[in-house]
Amino acid sequence: VTKPLRIVLCGFGNVGREVYRLLCDESPRLERLGFSPVVVGIITRSRGHVYVPTGITSEHLQMLAPKDSAAVCTTRLIEQMSADVVVEMTPLDVFSAKDVMSHARAALTSGKHVVCANKGAIAWGYDELSALASAKARLFLFECCVMDGAPIFAMVRNCLPAARILKFEGVLNSTSNYVLDKMLEGVSMEEAITMAKRAGFAESDPRLDIDGWDSAAKIAALANVFMHARINPLEVVRQGITQITCEQVQAAARGAMRIRLVASAVQRQRDVLCEVKPCRVAHSSLFGSVNHTSSVLSITTDLMGNISIVEHDPGLLQTAYGVLRDIIEVASFNK
Ligand SMILES: NC(=O)c1ccc[n+]([C@@H]2O[C@H](COP(=O)([O-])OP(=O)(O)OC[C@H]3O[C@@H](n4cnc5c(N)ncnc54)[C@H](OP(=O)(O)O)[C@@H]3O)[C@@H](O)[C@H]2O)c1
């Protein structure tokens with residue numbers, strides 16, 4: 001008999017719904033891994049919440065509907081719901097991450113593991129939350145915050161012991177990359193943003209992607225985890241793609257170049273320099289060959305040289321897989 005893992009989904013938008021679907025559809029596969037997930041709680045901002053200790057079914061989902069009454073406090077619900085793990089999937093607040101921080105604190109303080117899709121938590125509070133998690137003997141995991149389910153954090157944590165990361169750079173924002181590719185085809189920036197939003201991979205406010213804020217949050221998150229940089233997104237030197245025109249993208253292509261929004265971090269003597277800016281890269285280079293919603297991260301280490309990971313054309317399934325990977329790690333810990 002497998003031990004049920006009681007899960008609360010905090011946020012039930014694009015990612016939350018896909019995680020719920022994956023947990024339901026893949027339950028036989030998960031049972032074979034010795035784990036049986038039970039979604040006991042779902043919390044939203046404007047459609048209320050559901051808590052069913054025996055497990056939420058599709059009928060219960062009908063109870064999530066726009067509510068007139070004043071919003072219930074999410075942190076209180078997280079504390080009150082009896083569960084093993086809280087999956088945080090509320091929108092990114094790149095300027096303070098206040099909500100995700102209080103949700104994660106409430107979960108850890110009330111003895112629950114935390115799986116975070118919201119990168120605000122590690123871009124603003126990695127040191128605090130990881131210290132709180134170890135004090136409470138709970139896991140704080142966040143694989144899908146950068147490059148969805150591509151195993152960036154798990155790879156560094158598990159496969160690069162003792163290696164020092166000296167620098168890393170990547171094309172990390174799907175929306176900007178997709179928009180630049182569409183501009184090459186002659187689609188206007190505004191139109192391309194609308195297409196990205198419709199497809200569900202743009203941030204709730206897509207300006208955060210185009211202005212480089214999402215990349216800034218990701219590079220701060222990576223630098224905090226890999227280099228103990230203690231940096232937040234506001235401290236990243238940042239330039240987005242708003243000023244880039246279709247003509248510039250097409251002129252670069254005629255010279256066998258591409259424009260890519262590149263995010264980078266370099267360990268200096270006393271601190272870490274994090275930057276986001278549009279760069280011209282050769283079409284034939286690794287960064288130039290990363291098209292549409294694909295992304296890439298290249299890491300330079302002292303003992304293992306350079307390693308690059310490319311994620312090809314991810315969709316919501318790959319984001320949800322990143323969450324599922326972390327939930328499986330929690331289940332193994334919980335056995
Ligand atoms: N989409 C992707 O491809 C992707 C990839 C990697 C990571 N992420 C990250 O995953 C997170 C979720 O993205 P998404 O696309 O699913 O966003 P979304 O579609 O906007 O959904 C956000 C959900 O969070 C709920 N919510 C907002 N504030 C809340 C609060 N204070 N308390 C409780 N619930 C709250 C919303 O409630 P209502 O339903 O009432 O609005 C909604 O259900 C974001 O942080 C994003 O950066 C997304």
Side-chain angles (χ1 to χ4, degrees), residues 8-22 41-51 61 63-81 86-107 114-124 141-150 152-153 172-178 196-209 213-218 220-221 233 292-295 311 313-326:
V8 170
L9 305 180
C10 179
F12 200 60
N14 296 311
V15 180
R17 286 191 298 269
E18 185 67 2
V19 167
Y20 179 80
R21 187 195 66 75
L22 198 56
I42 294 177
I43 308 173
T44 73
R45 177 179 42 200
S46 61
R47 294 174 294 139
H49 64 276
V50 197
Y51 176 65
L61 295 182
M63 291 156 67
L64 294 172
K67 302 272 184 293
D68 292 333
S69 55
V72 185
C73 173
T74 301
T75 43
R76 192 154 320 137
L77 290 170
I78 289 174
E79 282 159 2
Q80 285 168 353
M81 290 182 180
V86 172
V87 184
E88 220 291 350
M89 297 170 288
T90 65
L92 170 67
D93 170 5
V94 80
F95 305 110
S96 82
K98 212 163 64 22
D99 284 358
V100 63
M101 289 296 295
S102 60
H103 300 163
R105 265 187 221 113
V114 171
V115 169
C116 229
N118 185 336
K119 60 196 90 63
I122 43 174
W124 280 93
L141 300 170
F142 35 76
E143 190 60 71
C144 100
C145 289
V146 181
M147 287 174 71
D148 308 293
I152 302 294
F153 294 107
L172 299 174
N173 182 257
S174 296
T175 304
S176 301
N177 217 42
Y178 174 87
K197 193 142 173 69
R198 213 177 296 134
F201 55 81
E203 281 297 328
S204 309
D205 174 3
R207 286 281 146 203
L208 295 178
D209 295 307
W213 283 113
D214 173 73
S215 296
K218 283 175 177 158
H292 297 283
T293 58
S294 300
S295 46
E311 184 187 26
D313 289 324
L316 273 175
L317 175 60
Q318 284 67 47
T319 305
Y321 178 76
V323 170
L324 180 66
R325 194 220 75 86
D326 285 349

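This structure is a prediction, so every number in the text was calculated from the model and none was measured. Atoms within each ligand, like the ligands themselves, are counted from 1 in listed order.
Close contacts between ligand 1 and Lys119 involve ligand atoms 47 (O) [criterion: under 4.0 Å to a heavy atom]. When each atom of ligand 1 is checked for a heavy atom of Gly11 under 4.0 Å away, the hits are 23 (C), 24 (O), 25 (C), 43 (O). Within ligand 1, counting atoms from 1 as listed, the ones closer than 4.0 Å to a heavy atom of Ser46 are 38 (P), 40 (O), 41 (O). With ligand atoms numbered from 1 in the order given, ligand 1 contributes 31 (N) to contacts under 4.0 Å with heavy atoms of Asp99. Listed by number with element, the atoms of ligand 1 under 4.0 Å from a non-hydrogen atom of Cys144 are 6 (C), 7 (C). The atoms of ligand 1 that sit less than 4.0 Å from any heavy atom of Ile43 are 33 (C), 34 (N). For ligand 1, the atoms sitting less than 4.0 Å from at least one non-hydrogen atom of Asp148 are 5 (C), 6 (C), numbered in the order shown with element in parentheses. Less than 4.0 angstrom separates some heavy atom of Met89 from each of these atoms of ligand 1: 11 (C), 12 (C), 22 (C), 23 (C), 24 (O).
Here the protein heavy atom with the shortest distance to atom 9 (C) of ligand 1 is Ala117 O, 3.3 Å. When only non-hydrogen protein atoms are considered, atom 43 (O) of ligand 1 lies nearest to Phe12 N, 2.9 Å. Ranking the protein heavy atoms by distance from atom 3 (O) of ligand 1 puts Thr319 OG1, 3.6 Å first. Of all protein heavy atoms, the one closest to atom 17 (O) of ligand 1 is Ser204 OG, 4.1 Å. Ranking the protein heavy atoms by distance from atom 46 (C) of ligand 1 puts Glu203 OE2, 3.8 Å first. With hydrogens left out, the protein atom closest to atom 13 (O) of ligand 1 is Val15 CG2, 3.6 Å, a heavy atom. The protein heavy-atom contact nearest to atom 19 (O) of ligand 1 is Asn14 N, 3.0 Å. The nearest protein atom to atom 28 (N) of ligand 1, hydrogens excluded, is given as Arg45 CB, 3.7 Å; this is a heavy-atom distance.
Proximity of Glu88 to ligand 1 is not established, as no heavy-atom distance is less than 4.0 Å. The closest approach between His103 and ligand 1 falls below 4.0 Å for a heavy atom of the residue.
Closest non-hydrogen pair, Pro233 versus Val94, comes out as CG-O, 3.8 Å. Residue Ala97 comes nearest to Trp124 through the heavy atom pair CB-CD1, 3.4 Å, listed as atom of the first residue, atom of the second, then distance. Of all heavy-atom pairs between Met89 and Ala117, the closest is CG-CB, 3.9 Å.
In this structure, Asp93 contributes its side chain and Phe95 its backbone to a donor-acceptor pair below 3.5 Å. Under the 3.5 Å distance criterion, the side-chain polar atoms of Asp326 are matched with a main-chain donor or acceptor of Phe142. Looking at Ser294, its side chain does come within 3.5 Å of a backbone N or O of Asp313 through a donor-acceptor pair. Using a distance-only test at 3.5 Å, with no hydrogens or angles considered, no donor-acceptor pair links the side chain of Glu88 to the main chain of Cys10.
Checked options Leu324, Val323, Ile42, Val114; the residue passing with Val87 is Val323 (criterion: side chain to side chain contact (heavy atoms under 4.5 Å, CB included)).
Among residue pairs with one or both ends in residues 8-20, those qualifying as salt bridge (Lys or Arg N to Asp or Glu O under 4.0 Å) are Glu18-Arg21; sequence neighbours excluded.
Remark: the Thr90 side chain and the Asn118 side chain contain an N/O donor-acceptor pair separated by less than 3.5 Å.
Enclosure of atom CZ in Phe201 by more than 12 non-hydrogen atoms of other residues, nucleotides or ligands within 6.0 angstrom is indicated.
Of the heavy atoms in Thr74, only side-chain atoms (C-beta onward) come closer than 4.0 Å to ligand 1.
Within the 4.5 Å cutoff, side-chain heavy atoms of Asp214 are placed close to those of Lys119.
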